[in-house]
Amino acid sequence: MCGIIGVWMKGARAEAARAAVARGIGVIAHRGPDDMGEVEIIPAHDESAVVFGHRRLSIIDLSQAGHQPMLDQESGNWIAYNGEVFNFREMRAELESLGCRFRSDSDTEVILQSYRVWGRDCVRRWRGMFAAAIWDERRQELFLVRDRLGIKPLYYAQTGAGLVFGSEIKSLLATGLVQRKINLAALDTYLMFGAVQDPLTLIDGVESLPPAHTLVFKDGRAELQEYWEQPLEIDDDKSDAIEAT
């Protein structure tokens, strides 16, 4: 299953950011009993602190080579990732033909290197269920992505201190950076439909990253973009029937 948690805090707050992520990791231990990792990234062009945390359930490449957060040595990019990309072997072969070299057998390393080679459009090639956060060292920005159908959860909140994201809402609350306040609009949708409607959550200020969307966070601003939509296909027989009515 795995779980991710991360923060980007403005100002020279590395210690506070690490402590927040440590608290967030602590409440999602059930998502990954096999390994735990944490990494601090200091953006070169900003007095800020970016910290990724990860809890690992080992499925592919059980060795320490699959440890996360994972670094791409060539680009300086980091990833924290939950899920499985089913076509990673095909992508790996294509990347190797382009000169990429791998140190593990994990799908994590494949999707990390796919980001370096193909940029944000890499997600259009991924086939699977996933929620991932990538720190882009060159662009000095945070890239979040969720799978096409929203199988894997990913929540985020913009706060006065920056951005916090994670696999579970309670991990965001555990960081201490998100106010514990009910979202009344979300509560209305729950009472009306029996479930909270995306992207709302019951916590005010916390949103669910919509399925098939990416989020880029830079300079204190978050930009959402849809990368895929469900195609509407109607066969000829049905199309004729619709026209006849």
Side-chain angles (χ1 to χ4, degrees), residues 1-6 31-32 34-41 43-44 50-154 165 167 209 211-218 225-229 231:
M1 180 163 54
C2 296
I4 64 176
I5 178 74
R31 297 186 69 92
D34 298 326
D35 192 15
M36 180 182 75
E38 179 185 315
V39 64
E40 175 190 336
I41 311 154
V50 178
V51 180
F52 282 4
H54 187 266
R55 296 291 315 208
R56 184 184 181 197
L57 177 65
S58 301
I59 301 294
I60 300 174
D61 191 347
L62 308 186
S63 74
Q64 276 298 106
H67 177 78
Q68 294 189 52
M70 182 179 287
L71 171 67
D72 178 1
Q73 296 283 354
E74 186 166 330
S75 65
N77 298 337
W78 285 91
I79 188 171
Y81 156 67
N82 167 35
E84 184 176 351
V85 171
F86 305 132
N87 64 326
F88 78 97
R89 291 181 179 86
E90 292 85 350
M91 285 201 303
R92 175 172 175 150
E94 186 175 356
L95 290 166
E96 286 176 330
S97 73
L98 297 174
C100 294
R101 297 294 177 264
F102 294 88
R103 301 187 302 166
S104 76
D105 294 321
S106 69
D107 57 339
T108 306
E109 188 179 9
V110 173
I111 66 175
L112 180 56
Q113 292 208 40
S114 78
Y115 179 86
R116 168 165 50 82
V117 173
W118 296 311
R120 299 175 189 171
D121 283 342
C122 66
V123 301
R124 301 179 187 276
R125 299 170 179 259
W126 301 357
R127 300 292 182 266
M129 50 183 181
F130 49 82
I134 296 176
W135 169 253
D136 189 316
E137 176 63 19
R138 183 177 67 82
R139 291 190 174 95
Q140 295 284 290
E141 65 188 24
L142 180 63
F143 178 76
L144 304 181
V145 59
R146 191 175 179 201
D147 65 71
R148 288 168 171 77
L149 300 181
I151 298 172
K152 292 298 182 181
L154 187 56
F165 64 88
S167 297
L209 183 63
H213 275 71
T214 64
L215 182 150
V216 174
F217 186 75
K218 184 175 184 177
Q225 183 173 350
E226 187 178 37
Y227 66 86
W228 178 86
E229 62 180 359

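Nearest heavy-atom pair, Phe52 versus Leu142, reported as atom, atom and distance to 0.1 Å: CZ-CD1, 3.5 Å. In terms of heavy-atom proximity, Asn77 sits nearest to Glu137 at OD1-N, 2.9 Å. Heavy-atom minimum distance, Pro211 versus Arg148: CB-O, 3.3 Å. Residues Cys2 and Arg56 share a closest heavy-atom pair of SG-CA, 3.9 Å.
Note on ring orientation: taking the six-membered ring where Trp is involved, the planes of Phe143 and Tyr115 are tilted (angle from 30° to 60°).
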- Item | Chi angles and distances behind the side-chain contact (heavy atoms from CB on, under 4.5 Å) call for Thr214, Leu144 | CA-CA 5 Å; Thr214 64; Leu144 304 181; over 6 Å; no
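Annotation: Glu229, atom CD; neighbour count of heavy atoms from other residues, nucleotides and ligands within 6.0 Å does not exceed 12.
Taking Arg146 as the reference, Asp198 meet the salt bridge (charged side-chain N to carboxylate O under 4.0 Å, His left out) condition, with sequence neighbours excluded. Residues satisfying the ring pair (Phe, Tyr, Trp, His ring centres under 6.0 Å) test with Tyr81, not counting sequence neighbours, are none. Under the side-chain hydrogen bond (donor to acceptor under 3.5 Å, both in side chains) criterion, Ser167 pairs with no residue, sequence neighbours left out. Taking the side chain to side chain contact (heavy atoms under 4.5 Å, CB included) definition, one finds that Phe86 meets it with Glu84, Met129, sequence neighbours left out. With sequence neighbours excluded, no residue forms a salt bridge (charged side-chain N to carboxylate O under 4.0 Å, His left out) with Glu90. Applying the salt bridge (charged side-chain N to carboxylate O under 4.0 Å, His left out) criterion to Arg89, with sequence neighbours excluded, gives no partner residue.
Taking 4.0 Å as the cut-off between side-chain N and carboxylate O, Arg120 and Glu141 count as a salt-bridged pair. At a threshold of 4.0 Å, the pair Asp72-Arg116 counts as salt-bridged, since one of the basic side-chain nitrogens sits closer than that to a carboxylate oxygen.
Geometrically, Arg124 does not engage Trp228 in a cation-pi contact, judged by NZ or CZ lying under 6.0 Å from the ring centre and within 45° of the ring axis.
Between the side chain of Gln68 and the backbone N or O of His54, no donor-acceptor pair lies under 3.5 Å.
We find the CD-CD distance between Gln113 and Glu96 to be 9.0 Å, quoted to the nearest 0.5 Å.
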